[in-house]
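Because the structure is a prediction, the values reported are computed rather than measured. When a ligand or atom number is given, it counts from 1 through the structure's own listing order. Positions are given from 1 along the sequence.
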Amino acid sequence: MTQSNDVAERAATVLLHRPAGLLTDIDGTISRVTAPPEAATVEPAARAALARLATVLDVVAVVSGRSAADARRLVAVPELVYIGNHGLERWHGGQVTASPEAMRFRDRMARVAAQMRATVTLAGVRVEDKDLTLSIHYRETTDPASAEELVRAALVPVATAEGLVVRPGRMVFEVRPPITVNKGTAARDLIQERGLRSVVFVGDDVTDLDAMSEIQRLAIEQGLHALTVGVVGPETPSEIAQQADVTVDGVDGVIAFLTALADRLA
Ligand SMILES: [Mg+2]
């Protein structure tokens, strides 16, 4: 894929500025979106490319809406940093650390999960309890458009009453604690902690826009060398291609990009 090769060439140039990091989303980026989400697998070629990149870059991190432990299980490259629950927790070297602020909302989160399980009985709607956050999936319903409205109507009043925040994603609603932690703050924290001078970020969904815009802000304000890569497929929100510096075509495009990048750097 020429497009992926061109993007790899640009990324390799950006990453010459050390220390250098690569941050990637999982679902829809290095893993095809599946129903149910537990059935998702990371493409072996993506795993191999990330493992090679981890040997040459200063940090390779996964930033996902999944729990950090689930992200670690799915990607299964021990050298990576796993940032889970959109930045609320992190797995590194066998240790999970969670945001103490987010921990305070676990009981409320559990109550919303229980209430959603009790009230939304539409076939195909699934409540995934990720401890610090919740995901309400409607991908497996027969009519996702009407399921979206039904779930929204049931969820928003309940979550709001508990002081929690609801954010829509691809065939999913995410419920989060009302604290400003997202993929953008997670990316910024990692960049600052590691003193990174360059970053490449890859993502496909609206929650990835936080990371893209934060990285672009750091590029303008602090001279971070950066490239944001949007993954464009049939379900991609249009904002991704608008926000990202460059795009690749679907999971296959990401794999071709990561492989070409590893070939250039390793
Ligand atoms: Mg994704």
Side-chain angles (χ1 to χ4, degrees), residues 4 7 22-43 45-47 49-50 60-77 80-91 126 128 130 133-140 144 148 166-176 181-187 190 199-215 227-258:
S4 292
V7 174
L22 179 120
L23 279 64
T24 180
D25 171 50
I26 300 179
D27 294 271
T29 299
I30 55 172
S31 166
R32 288 173 222 290
V33 173
T34 58
E38 299 91 275
T41 52
V42 165
E43 299 293 315
R47 180 176 294 127
L50 290 172
V60 176
V62 167
V63 190
S64 176
R66 289 177 181 264
S67 72
D70 194 26
R72 164 71 180 83
R73 174 193 65 79
L74 197 56
V75 182
V77 179
L80 309 192
V81 174
Y82 295 88
I83 297 168
N85 266 315
H86 302 283
L88 296 174
E89 53 175 358
R90 189 187 287 192
W91 185 102
R126 287 169 7 85
E128 185 192 358
K130 298 187 290 184
T133 65
L134 283 184
S135 294
I136 324 283
H137 302 270
Y138 53 91
R139 176 176 298 278
E140 294 158 79
E148 178 181 0
V166 176
R167 281 190 76 168
R170 285 168 65 174
M171 306 276 182
V172 65
F173 286 100
E174 308 273 2
V175 186
R176 298 198 220 166
V181 173
N182 54 45
K183 289 191 179 186
T185 62
L190 189 66
V199 161
V200 169
F201 177 86
V202 195
D204 75 308
D205 203 350
V206 283
T207 60
D208 297 309
L209 295 171
D210 293 325
M212 290 184 186
S213 59
E214 181 63 17
I215 286 166
L227 187 70
T228 58
V229 183
V231 185
V232 174
E235 285 180 18
T236 307
S238 59
E239 302 98 295
I240 296 293
Q242 287 160 22
Q243 184 84 47
D245 299 320
V246 290
T247 60
V248 293
D249 282 335
V251 173
D252 289 329
V254 176
I255 292 170
F257 157 64
L258 291 174

**OP:** Return the number of protein N, O or S atoms with a distance to the Mg ion (ligand 1) smaller than 2.8 Å.
**Re:** 3
**OP:** Kindly give the heavy-atom pair with the smallest separation between Pro144 and Met171, and that separation in Å.
**Re:** CB-SD, 3.8 Å
Original post:
Quick one: side chain to side chain donor-acceptor pair (under 3.5 Å) partners of Glu174, sequence neighbours excluded?
Top reply: Lys130, Ser135
**OP:** Measure across Val229 and Ala244 and return the closest heavy-atom pair with its distance rounded to 0.1 Å.
**Re:** C-CB, 4.1 Å
Subject >> Over all atoms of both residues, closest heavy-atom pair of Phe173 and Glu148 >> reply: CE1-O, 3.5 Å
Original post:
Taking 4.0 angstrom as the limit, do Asp205 and Lys183 come out as a salt bridge?
Top reply: no
Original post:
What is the minimum heavy-atom distance between His86 and Thr207, and which atoms define it?
Top reply: CE1-CG2, 3.5 Å
